[in-house]
Amino acid sequence: GDAIISIDSDQKIIIFNKQAEAIFRYLASEVLGRSVDILIPERFLKMHADHVNQFASSGDQARMMSTRGEIFGLRKNGEEFPVEASISKSLTNGELIMTVMLRDITERKKMEDELIHERDYSKAIINQAPAVVCGLDPDGMINYINSVGEKLTGYSMSELLGRSWWDLFYPGDEYAQVEKLYEHFKTGDVRDYEMTLTTKAGEKKIVSWSSVKQFNKEGKLTEILGFGNDVTEKRRADRRLNAQHAVTGVLAESSNLDE
């Protein structure tokens, strides 16, 4: 549950519930009648006092306290911890009483920090990958592309975010490739699936794609991750080699006829 702390017009504590005792590690008897400052890290005291005074004189009856940045509490043992809090006010026997409801979000912040670290680590790896890496939502809207993809397509990530991958890179008759791809998607992810995309400069690039579809807990598709290798030069080299083989074959056949 939430800690509930009420203060009077002098910012002295008049209510301190059981959850507040558990979070701040004070007994109510230790804090009642004392300034609320004992629950706030020293570096935030002025900001907190200004915020409370401004709220007291405003027309608002309640507001979140975290709209001005992160806020922290101070336990009896001197440990600081992040909190999520709201403040409300009322008149009791003609005196302004302000009540704060807060919760300790230490574990949530820890999880968020770990996710941010994981995301940044993954992003660093993806940007170092030698292949194109892109993330699309189920409708094909672009969520992410790495630096290799930017270089290949000629677009920066800021130009691509929120745009349709399929409409942008497979215009006109080229879109038939997308329809064919979705037929393959019905049987699962694709591996080494070649498509010809059109770059910002109008060049045609043959890219060999592999995909990984991401689903949520309910089994709903949330994202398609694509991993692509530019095989344009390899395919051109293959065509040249095949042409040379064809010419060699014709010459050999002609030589045999002459004999």
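Each residue takes its place number in the sequence, starting with 1.
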May I ask you to check whether over 12 heavy atoms, not counting those of N216, lie within 6.0 Å of atom CG? yes

Pair K12-S35, side-chain donor/acceptor within less than 3.5 Å: no

Are E183 and K180 close enough for a salt bridge, meaning some N to O gap below 4.0 Å? no

Begin with the C-alpha distance, continue with both residues' side-chain angles, and end with the deciding distance and a verdict on salt bridge (Lys or Arg N to Asp or Glu O under 4.0 Å) for K204 and E174. CA-CA 11 Å; K204 303 294 184 181; E174 299 290 340; 3.5 Å; yes

Quick check: do R108 and E84 have side-chain heavy atoms less than 4.5 Å from each other? yes

Any I7 side-chain heavy atom under 4.5 Å of I14 side chain: no

Has K220 got its NZ or CZ under 6.0 Å from the middle of the six-membered ring of F215, at an angle within 45 degrees of the ring axis? no

Nearest 0.5 Å please: distance from the CD1 atom of I206 over to the CZ atom of R235. 7.0 Å

Do you reckon V83 sits in the same ILVMFWY cluster as I23, going by side-chain contacts under 4.5 Å, direct or chained? yes

Does a sphere of radius 6.0 Å around NZ in K151 hold more than 12 heavy atoms from other residues, nucleotides or ligands, not counting ones at 6.0 Å or beyond? no

State yes or no: do I13 and I4 share one hydrophobic cluster built from I, L, V, M, F, W and Y residues joined by side-chain heavy-atom distances below 4.5 Å, directly or via other members? no

Working to the nearest 0.5 Å, report the span between CZ of R163 and CG of L136. 13.5 Å

Working to the nearest 0.5 Å, report the span between CD of Q214 and CG of L225. 4.5 Å

Parallel, tilted or perpendicular, judged at 30° and 60°: which one describes the rings of Y170 and W166? tilted

Test side-chain contact (heavy atoms from CB on, under 4.5 Å) applied to I40 and L74, step by step: CA-CA 5 Å; I40 303 164; L74 183 68; 5.8 Å; no

With a 4.5 Å cut-off on side-chain heavy atoms, are F227 and S208 touching? no

Could you check whether any side-chain heavy atom of T99 comes within less than 4.5 Å of a side-chain heavy atom of S90, counting everything from C-beta outward? no

I145 side chain reached by E150 side chain, heavy atoms, under 4.5 Å: yes

Close side-chain approach of L102 and F24, heavy atoms under 4.5 Å: yes

In this structure, would L96 and I15 fall into the same cluster of hydrophobic residues linked by side-chain contacts under 4.5 Å? no

Tell me whether the centres of the aromatic rings in Y155 and F169 are closer together than 6.0 Å. yes

With a 4.5 Å heavy-atom cut-off, do L168 and L160 have their side chains touching? yes

Is the F185 to Y193 ring centre distance short of 6.0 Å? no

Does S164 reach the main-chain N or O of D167 with its side chain, forming a donor-acceptor pair under 3.5 Å? yes

Is any side-chain heavy atom of V36 closer than 4.5 Å to one of H48? yes

According to the interplanar angle, ranging from 0 to 90°, do the rings of F44 and F72 count as parallel (below 30°), tilted (30 to 60°) or perpendicular (above 60°)? parallel

